[in-house]
Amino acid sequence: MLSNTVLEGRSLLKNLKCPQCGAEYDAPVPNTFCKNTACASTLFAQYDLSRPLDIAILKGRPASMWRYRELLPIVNAENIVTMGEGFTPILPIENLKQFTGGINVFWKNEAGNPTGSFKARGIGMAVSKAKELGIKAIATPTAGNAGGALAAYAARAGIRAIVYMPKLTPQVFKDECRLYGADLIEIDGNIADCGKLVTDGAAEHGWFQISTLKEPYRLEGKKTMGFEIAEQFNWQLPDVVLYPTGGGTGLIGIWKAFDELEQLGWIGSKRPRMVAVQSESCGGIVSAFNDGQTSAQFVDGGFTIANGLRVPKSFADKIILKVLRDSKGTALTVSDAEMHAGIKEIARNEGMLIAPEGAALWQAFKKLKTTGWIQPGEVVVLVNTGSGYKYLENISV
Ligand SMILES: *Cc1c(COP(=O)(O)O)cnc(C)c1O
Ligand SMILES: [Zn+2]
């Protein structure tokens with residue numbers, strides 16, 4: 001049950017806007033991405049933040065992402081489909097502190113979300129909004145976690161889920177989809193291949209697609225990580241945020257959240273330096289960042305244990321690169337062997353069995369400490385996006 005304080009809150013959603021050409025779209029109908037083919041950009045939900053909103057509204061609200069009710073897009077609270085996603089803990093590095101060189105390192109640990117990853121935030125929001133808009137069937141391509149989350153939230157909402165997943169994904173991701181009653185289609189190929197087939201299927205059968213950043217509300221779910229980071233650090237943002245970047249939804253969402261909080265006057269203008277961490281086999285954003293490009297190339301070097309990072313080309317590559325540059329951030333890759341070693345180091349020293357995507361951040365952090373890019377005394381947040389338990393098939397113990 002959602003508490004009364006949240007049910008009384010009212011969404012300040014106004015409309016949707018293309019960050020590239022500025023075109024605006026009405027919110028009460030289903031939307032995808034900007035229809036202007038010159039940008040074909042992700043749309044950003046806009047809120048009426050012109051009137052003051054007292055920070056005290058958060059008092060007594062539930063420890064879930066829904067505590068930010070006013071800044072979320074669901075108009076009628078009855079449409080909220082929730083299993084307690086969000087408000088995940090901030091955990092300091094404990095026994096490895098001696099190796100952080102005087103840098104204050106914290107995990108934002110997303111492993112405890114429903115279905116074991118932060119996809120619960122984005123998908124929980126998208127499914128709630130789909131319910132509000134009367135949508136009956138939702139399809140998505142997935143590298144694993146998004147499919148499981150869609151299957152679960154759709155089951156709870158009474159909506160049909162259709163999931164396209166690469167055959168090489170570990171079995172647990174397939175089994176959970178089937179257990180939650182989704183239609184699962186296994187594809188000989190990567191997530192981009194799945195994406196094309198979803199688009200074809202959607203055109204043929206009238207399914208609503210929620211491919212990463214081609215649908216506006218998954219971003220609104222993932223932005224709640226930004227609200228939480230701000231609130232959990234007492235409205236003083238950290239110096240650096242490391243983020244395992246596949247489609248980049250969370251990276252863009254966290255940045256959007258900070259903008260909204262500043263408009264409300266809940267935080268000042270200080271921003272963390274945002275760091276995109278990718279797999280060595282799929283580092284399109286990292287290459288584009290290093291080469292000074294404003295968009296990324298299609299890069300797929302094949303299998304990685306971090307299936308969430310096997311995204312050959314993000315639909316929102318331009319926005320990701322802009323966030324990295326605006327924040328004075330950076331981008332770097334990590335190999336599968338390094339992720340493997342990171343999982344073990346964190347498990348035996350910190351008592352956390354984290355996803356390979358999260359382990360990549362720990363290794364990237366050590367590189368940035370060694371080069372001096374992160375300095376002693378700085379506050380660093382590593383977003384562990386998922387539970388390691390779903391990846392054990394590919395982890396040697
Ligand atoms: C999907 C996923 C990612 C990548 O998320 P984006 O926000 O789309 O970049 C990272 N880690 C895990 C565990 C994932 O499931
Ligand atoms: Zn546009």
Side-chain angles (χ1 to χ4, degrees), residues 16-25 31-44 108-111 113 115-123 126 140-150 165 169-170 172-173 176 191 195 210-216 218-219 221-226 241-256 274-279 282 284-285 296 304-320 323-324 331 334 339 343 354-361 382-391:
L16 299 161
K17 187 172 179 179
C18 172
Q20 206 163 321
C21 73
E24 300 199 9
Y25 294 83
N31 278 284
T32 54
F33 49 90
C34 184
K35 293 194 175 71
N36 180 350
T37 46
C39 39
S41 166
T42 302
L43 297 178
F44 280 13
K108 173 74 171 155
N109 191 17
E110 294 292 306
N113 275 307
T115 68
S117 89
F118 75 150
K119 289 292 194 301
R121 296 177 186 265
I123 301 286
T140 195
T142 180
N145 278 318
L150 174 62
M165 191 184 291
T169 314
V172 61
F173 294 99
E176 66 173 341
I191 193 171
I210 58 162
S211 308
T212 304
L213 295 164
K214 291 186 177 176
E215 179 279 341
R218 285 175 65 180
L219 178 64
K222 281 199 178 169
K223 87 177 176 188
T224 57
M225 288 188 290
V241 173
L242 275 76
Y243 186 82
T245 306
T249 325
L251 184 116
I252 297 168
I254 289 170
W255 196 249
K256 181 175 189 284
M274 303 295 292
V275 180
V277 179
Q278 296 198 292
S279 151
C282 219
I285 294 290
T304 164
I305 52 170
N307 33 296
L309 303 187
R310 194 174 169 195
V311 179
K313 186 181 182 312
S314 167
F315 184 68
D317 53 343
K318 292 187 182 121
I319 307 176
I320 297 170
V323 169
L324 296 179
V334 169
M339 290 184 226
I343 289 172
I354 64 176
E357 292 85 346
L361 303 185
L382 313 177
V383 184
N384 175 45
T385 44
S387 164
Y389 288 86
K390 292 174 90 174
Y391 297 77

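Atoms within a ligand are numbered from 1 in the order they appear, just like the ligands themselves.
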- Starting from atom 9 (O) of ligand 1, which protein heavy atom do you reach first, and at what distance in Å? G248 N, 2.6 Å
- Item | Protein contact to atom 7 (O) of ligand 1 [nearest heavy atom, distance to 0.1 Å] | Y243 OH, 2.5 Å
- Task: Indicate, as side chain, backbone, both or neither, the part of N145 found under 4.0 angstrom from ligand 1 when only non-hydrogen atoms are considered.
- Result: side chain
- Message: Measuring only between side-chain heavy atoms, which start at C-beta, is I123 closer than 4.5 Å to T140?
- Response: no
- Using distance alone, determine whether G250 and ligand 1 share an N or O pair under 3.5 Å. yes
- Task: List every atom of ligand 1 that sits less than 4.0 Å from any heavy atom of P244, numbering the atoms from 1 in the order shown and giving each element.
- Result: 4 (C), 9 (O), 10 (C)
- Message: Quick check on Y391 - does any of its heavy atoms sit under 4.0 Å from an atom of ligand 1?
- Response: yes
- Do Y243 and M225 touch side chain to side chain, with heavy atoms closer than 4.5 Å? yes
- Student check: side-chain heavy atoms of V241 and M274 closer than 4.5 Å: yes
- Does the gap between the ring centers of F173 and Y391 come in under 6.0 Å? yes
- Query: For ligand 1, which atoms have a heavy atom of T249 less than 4.0 angstrom away?
  - Reply: 6 (P), 7 (O), 8 (O), 9 (O)
- Report yes if some N/O of G247 lies less than 3.5 Å from some N/O of ligand 1; otherwise report no. yes
- Task: Please work out the angle at the Zn ion (ligand 2) defined by atom SG of C34 on one side and atom SG of C21 on the other, rounded to 10°.
- Result: 100°
- Message: I want to check something: taking the side chain as every heavy atom from C-beta on, are L251 and V323 in contact at a cut-off of under 4.5 Å?
- Response: yes
- Using non-hydrogen atoms of the residue, decide whether K222 is closer than 4.0 angstrom to ligand 1. yes
- Task: Locate the shortest heavy-atom distance separating P356 from I305; write the atom from each residue and the value.
- Result: CG-O, 3.5 Å
- For the residue pair E110 and V383, establish whether any side-chain heavy-atom pair is separated by less than 4.5 Å. yes
- To the nearest 0.1 Å, how far is atom 14 (C) of ligand 1 from its closest protein heavy atom, and which atom is that? K119 NZ, 2.9 Å
- Message: Using a 3.5 Å cut-off on N or O atoms only, is G246 in polar contact with ligand 1?
- Response: yes
- Task: Taking the side chain as every heavy atom from C-beta outward, state whether S279 and M339 have any pair of such atoms under 4.5 Å apart.
- Result: yes
- Is any side-chain heavy atom of N384 closer than 4.5 Å to a side-chain heavy atom of L361? no
- Message: Can you confirm whether I252 sits close enough to L213 that some side-chain heavy atom of one is under 4.5 Å from a side-chain heavy atom of the other?
- Response: yes
- Looking just at side-chain N and O atoms, do T249 and R218 make a donor-acceptor pair shorter than 3.5 Å? no
- Per-atom contacts, ligand 1 versus G308 - under 4.0 Å to a heavy atom: 2 (C), 3 (C), 4 (C)
- Task: Write out the residue and atom name of the closest protein heavy atom to atom 5 (O) of ligand 1, then the distance separating them to 0.1 Å.
- Result: F118 CZ, 3.3 Å
- Message: Would T245 count as a polar contact of ligand 1, with the cut-off being nitrogen or oxygen pairs under 3.5 Å?
- Response: no
- Among protein heavy atoms, which lies nearest atom 11 (N) of ligand 1, and at what distance? T385 OG1, 2.7 Å
- Message: Test of geometry: compute the angle SG(C18)-the Zn ion (ligand 2)-SG(C39) and round it to 10°.
- Response: 120°
